[in-house]
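So the structure is just underneath, and the comments pick up after that.
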Amino acid sequence: MIRIAHFEEYEPQFLKALQRHLYTSFGIGCEYIGQVDWPLGNEEPVDGHLLLSSAPKVDGLPKDRTLYLTQRKLQPRKLLTGELPTLGLSHYKSMRALLSLPPNEEIEPLQKQIFRLAISELGHNFGLHHCLDPRCAMYPPWTLPPSSAEATFCSFCRTLSERLIRTQKV
């Protein structure tokens, strides 16, 4: 099961669309939890790793994944080539993922990219790595996918995600 929790208010229609898209992409239940309290001590730009570890626990089964949404900026990733804005974060094979989204009025034109990023971060939670197919949601988010790229898995990542989800121990 995937659970969606958020720290700030979001439009209900956006949350329902995200919930439907994740359900369709992963083929498992996706439940909207609601707004959760912001953990104290996390100032902007937010350390995403700290936020993931200090975010309130969401009730559910031990193997449920939680996707947290925030409008606060995350600290940029430091790479050898410089800094890169961080829009999403998850730990490989972990239970939590995080997305930093724009305010409500700016979400609609970016909805496809947001869905793609959500699939990518949750894909890492389930054990998927980056994909070489630029049309796949698991293609590295710091590269520019073609404009035809959809917010979905390629056939290889879809098959692999189904196998990983089916074989996980609950």
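No more than 12 heavy-atom neighbours from other residues, nucleotides or ligands sit within 6.0 angstrom of CG on L132.
Side-chain heavy atoms closer than 4.5 Å link hydrophobic residues (I, L, V, M, F, W, Y) into clusters, and following such links, even through other members, never connects F126 to M1. Under the 4.5 Å side-chain heavy-atom criterion for grouping Ile, Leu, Val, Met, Phe, Trp and Tyr, I28 is not connected to V58 through any hydrophobic cluster. In the hydrophobic clustering of this structure, L15 groups with L117; members are Ile, Leu, Val, Met, Phe, Trp, Tyr whose side-chain heavy atoms approach within less than 4.5 Å, directly or through other members. Hydrophobic clustering places I165 together with L67 (ILVMFWY residues linked when any side-chain heavy atoms are closer than 4.5 Å, directly or through intermediates). Tracing side-chain contacts under 4.5 Å through hydrophobic residues (I, L, V, M, F, W, Y), one never reaches L99 starting from L74; they form parts of separate clusters.
T70 places none of its side-chain heavy atoms less than 4.5 Å from the side chain of V46. Taking the side chain as every heavy atom from C-beta outward, R116 and Y139 approach each other to under 4.5 Å. In this structure, the side chains of F115 and T24 stay at 4.5 Å or more apart for every pair of heavy atoms. Within the 4.5 Å cutoff, side-chain heavy atoms of Q71 are placed close to those of Y10.
Of the candidates L18, I4, L122, I4 is the only one forming a side-chain contact (heavy atoms from CB on, under 4.5 Å) with C30.
For the pair R72 and F7, the cation-pi test (distance below 6.0 Å, angle within 45°) is failed.
Annotation for Y92 and L128: closest pair CE1-O, 3.7 Å, computed over non-hydrogen atoms. Across A151 and I119, no two heavy atoms sit closer than the pair O-CD1, 3.1 Å. Scanning both residues, L61 and D64, for their nearest heavy atoms gives N-OD2, 2.9 Å. Considering all non-hydrogen atoms of both residues, C154 and C136 come closest at N-SG, 3.3 Å.
For E9, there are no salt bridge (Lys or Arg N to Asp or Glu O under 4.0 Å) partners, not counting sequence neighbours. A search for side chain to side chain donor-acceptor pair (under 3.5 Å) contacts involving T152 returns nothing, not counting sequence neighbours. The side chain to side chain contact (heavy atoms under 4.5 Å, CB included) search around L110 returns P102, Q113, I114, not counting sequence neighbours.
Ring centers of H129 and H124: at least 6.0 Å apart, outside the cut-off. For H6 and Y32, the ring centers are positioned less than 6.0 Å apart.
Taking a 4.5 Å side-chain heavy-atom cut-off between Ile, Leu, Val, Met, Phe, Trp and Tyr, the cluster of M95 contains only that residue.
Note that the CD atom of Q35 and the CG atom of D37 stand 8.0 Å from one another [nearest 0.5 Å]. Taking CG of D59 as the reference point, atom CD1 of I33 lies at 7.5 Å (rounded to 0.5 Å). Of the inter-residue distances, the one linking R135 atom CZ with C157 atom SG reads 11.5 Å to the nearest 0.5 angstrom. Note: Q13 CD to E108 CD = 8.0 Å, rounded to the nearest 0.5 Å.
Using a distance-only test at 3.5 Å, with no hydrogens or angles considered, a donor-acceptor pair links the side chain of N125 to the main chain of R96. Formation of a donor-acceptor pair under 3.5 Å by the Y68 side chain with backbone atoms of S100 is not found in this model.
Among residues at least two apart or in separate chains, side-chain hydrogen bond (donor to acceptor under 3.5 Å, both in side chains) pairs with a member in residues 154-164 are R158-E162.
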Taking only distance into account, with no hydrogens and no angle test, what donor-acceptor pairs under 3.5 Å do side-chain atoms of residues 81-91 form with protein atoms, sequence neighbours excluded?
from, atom 1, to, atom 2, distance (Å)
E83, OE2, K78, NZ, 3.3
T86, OG1, Q75, O, 2.9
T86, OG1, R77, N, 3.2
S90, OG, E121, O, 3.1
S90, OG, E121, OE1, 2.9
H91, NE2, H49, ND1, 2.7

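Between F153 and F26, the two ring planes are perpendicular [angle over 60°; tilted spans 30° to 60°].
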